[in-house]
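Notes to accompany the following structure.
Naming: A, B, ... by sequence-line order, numbering from 1 per chain.
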2 protein chains.
Amino acid sequence: MNHKILIVEDERPVREMIRFALERTGFEIQEAPDGHQALAMATDNTPDLILLDWMLPDLSGIELARRFRKDGHTQDIPIIMLTARAEEDDKIVGLDAGADDYVTKPFSPRELIARIKAVIRRSSATANGEPITHKGLSLDPESHRVLANDDPVEIGPTEFRLLQFFMAHPERVYSRGQLLDRVWGSNVYIEERTVDVHIRRLRKCLAPYGYDSFIQTVHSVGYRFSSQG
Amino acid sequence: MNHKILIVEDERPVREMIRFALERTGFEIQEAPDGHQALAMATDNTPDLILLDWMLPDLSGIELARRFRKDGHTQDIPIIMLTARAEEDDKIVGLDAGADDYVTKPFSPRELIARIKAVIRRSSATANGEPITHKGLSLDPESHRVLANDDPVEIGPTEFRLLQFFMAHPERVYSRGQLLDRVWGSNVYIEERTVDVHIRRLRKCLAPYGYDSFIQTVHSVGYRFSSQG
DNA sequence: CCGCTCTGTCACCAAACTGTAATATATTTA
DNA sequence: TAAATATATTACAGTTTGGTGACAGAGCGG
């Protein structure tokens, strides 16, 4: 175990509280009081996860998240946003900026730790090339294959990557722009509507097995993979 | 049993931790803190498996893996890469260099041991000259022969080696570059498309028995041996 | 030296994949 | 309900990728 977590939070008491809770759980902690120090620390000594406050003195948490996502070094580090506001809109913006989860203050240490563990589990699983399975639908990066109840699914390269991304980040909405960044790569110029077409193609591959219902549209926001109806 | 494992890792505590875990499981351990000692040890007292850290003081893990693959003595020793980075890209480069598996730090001893056993199981079959069989198709390294439901299959030398590699590593995609490294040997400069031609020849040999369907194309990725449809 | 097999390349064709635009449907909003 | 927005679906043309047969050189054994 022993994962490194970077806490980016300007209020010292909150920071210390979190540090205390996390160190007790066996995490290794780095702290940064503002965005610039956070950027420096993250590139210097790569953490396994970043806890990011929404409101910072210099950069906003969103802006900072965007920067982490742009840099190759920090691109794949999972980010959890901390925020006082509980509004849906903010949540959407936050997720759009590339956060993996979102915790609203005040939160219990127990909840925070649970979410951290969940996010780390997800991200380290994908990195290891482990097959990801959700309710009978499974994707194996190693053999580059998708199985629906053990039947091989015919699927093209882009659809494969799309599904892989979705299955690694289930139950989360992604905007089209977000998907283009994460699945296609961040410096491509592609029409956002193109995502729709690939979603369509992905659904078509999964439809014979009924798994197309896992790829869900969230109107005016984007798409989500969910194994819950 | 009692396999010899060479640990190549510069940080002493990590090395000792691994040694402790593996010796408890009944493996015999050799340690090397850097690339050059590793090369010397491996040629001196051939191990059955190499655990290779990604970051080493002198050579990079990738470079070292390449060298092992080049040397006739160490060419067929399975390699497991250890790495702190969780990025997909790194994984691809690592496998390209000829690693058989890939474990990201931090890992549990249990996981490491499981992977070691899996890799050894796969490779010791071929090393022992045991025939490998998949659903009626069997390859015997000893007699240098391929049997399809007990009928001898006409097959050329390169196609034999290709099939041998595939059958020893089933259900896993390999890029053309990886196949060139692992089947042809890593210091040849050969056109990647040449692999296609040999795949074609291999399929042609197997076609009369219907086994050509085991050699599968994964579009824009490479090829895979699979006994599943 | 000749005929044989094996190899790596190439050129050409077929198939698969991709992004876009046009059209049809659905959803929201005024 | 109609207009305005957003998404679904289809068709298509360009591009990339894979399949295949032919061929020339290398190596070998007779």
Could you list by number each residue of residues 193-205 of chain B showing a heavy-atom separation from DNA chain C of less than 4.0 Å, or answer none if no residue does?
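Close to the strand are T194(B), V197(B), H198(B), R201(B).
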Look at the aromatic rings of F166(B) and F225(B) and report parallel, tilted or perpendicular, splitting at 30° and 60°.
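The rings of F166(B) and F225(B) lie parallel, inter-plane angle below 30°.
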Geometric class of the H169(B)/Y174(B) ring pair [parallel <30°, tilted 30-60°, perpendicular >60°]
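The rings of Y174(B) and H169(B) stand perpendicular, inter-plane angle above 60°.
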Kindly write out the residues that satisfy ring pair (Phe, Tyr, Trp, His ring centres under 6.0 Å) with Y223(B), not counting sequence neighbours, or none if the list is empty.
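So Y223(B) forms no ring pair (Phe, Tyr, Trp, His ring centres under 6.0 Å) with any residue.
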Closer than 3.5 angstrom, by distance alone: can the side chain of [X] be matched with the main-chain N or O of [Y] as a donor-acceptor pair?
{"X": "S138(A)", "Y": "T133(A)", "result": "no"}
{"X": "R224(A)", "Y": "P170(A)", "result": "no"}
{"X": "D212(A)", "Y": "L206(A)", "result": "no"}
{"X": "D10(A)", "Y": "D34(A)", "result": "no"}

Quick one: on DNA chain C, does I190(B) or T158(A) contact a more 5' nucleotide (nearest heavy atom)?
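On the 5' side of the pair lies I190(B).
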Whichever of E191(B) and G156(B) has its nearest DNA chain C nucleotide further upstream toward 5'
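Closer to the 5' end of DNA chain C: G156(B).
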What is the nucleic acid contact for E159(A), judged by heavy atoms within less than 4.0 Å: base, sugar-phosphate only, or nothing?
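Touches sugar-phosphate only.
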Could you give the [atom1]-to-[atom2] distance, from [X] to [N], as a whole number of Å?
{"X": "Q216(B)", "N": "dG19(D)", "atom1": "CD", "atom2": "P", "value": "12 Å"}
{"X": "F160(A)", "N": "dC17(C)", "atom1": "CZ", "atom2": "P", "value": "13 Å"}
{"X": "I155(B)", "N": "dT5(C)", "atom1": "CD1", "atom2": "P", "value": "17 Å"}

Between [N] and [X], is there an OP1 or OP2 to side-chain N/O distance shorter than 4.0 Å?
{"X": "Y189(B)", "N": "dT9(C)", "value": "no"}
{"X": "T217(B)", "N": "dG18(D)", "value": "no"}
{"X": "W184(B)", "N": "dG8(C)", "value": "yes"}

Quick one: what's the B/S/- string for nucleotides 23-30 of chain C, heavy-atom cutoff under 4.0 Å, read 5' to 3'?
----SS--
With side chains defined as the heavy atoms from C-beta onward, is the minimum distance between [X] and [Y] less than 4.5 Å?
{"X": "I50(B)", "Y": "I80(B)", "value": "no"}
{"X": "N45(B)", "Y": "K4(B)", "value": "yes"}
{"X": "L6(B)", "Y": "M41(B)", "value": "yes"}
{"X": "R203(A)", "Y": "T217(A)", "value": "yes"}
{"X": "T74(A)", "Y": "T46(A)", "value": "no"}

Is the closest basic N to carboxylate O distance between D100(B) and R182(B) below 4.0 Å?
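Judged by the 4.0 Å cut-off on N to carboxylate O distance, D100(B) and R182(B) do form a salt bridge.
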Under 3.5 Å, side-chain donor or acceptor atoms of residues 144-154 of chain B against the rest of the protein: list the pairs with distances, not counting sequence neighbours.
unit_1  : atom_1 : unit_2  : atom_2 : d
N149(B) : OD1    : Y211(B) : OH     : 3.1
N149(B) : ND2    : Y211(B) : OH     : 3.4

Which residue lies more 5' along DNA chain D, comparing V218(A) with R176(B) via nearest heavy atoms
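Closer to the 5' end of DNA chain D: V218(A).
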To the nearest 10 degrees, how far apart in direction are the end axes of the helix from dC1(C)-dG30(D) to dA30(C)-dT1(D), each fit to five base pairs?
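For the helix from dC1(C)-dG30(D) to dA30(C)-dT1(D), the axes at opposite ends meet at about 20°.
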Extract from the structure each pairing of a protein N or O with an N or O of nucleotides 25-30 of chain D at less than 3.5 Å, listing the distance.
none

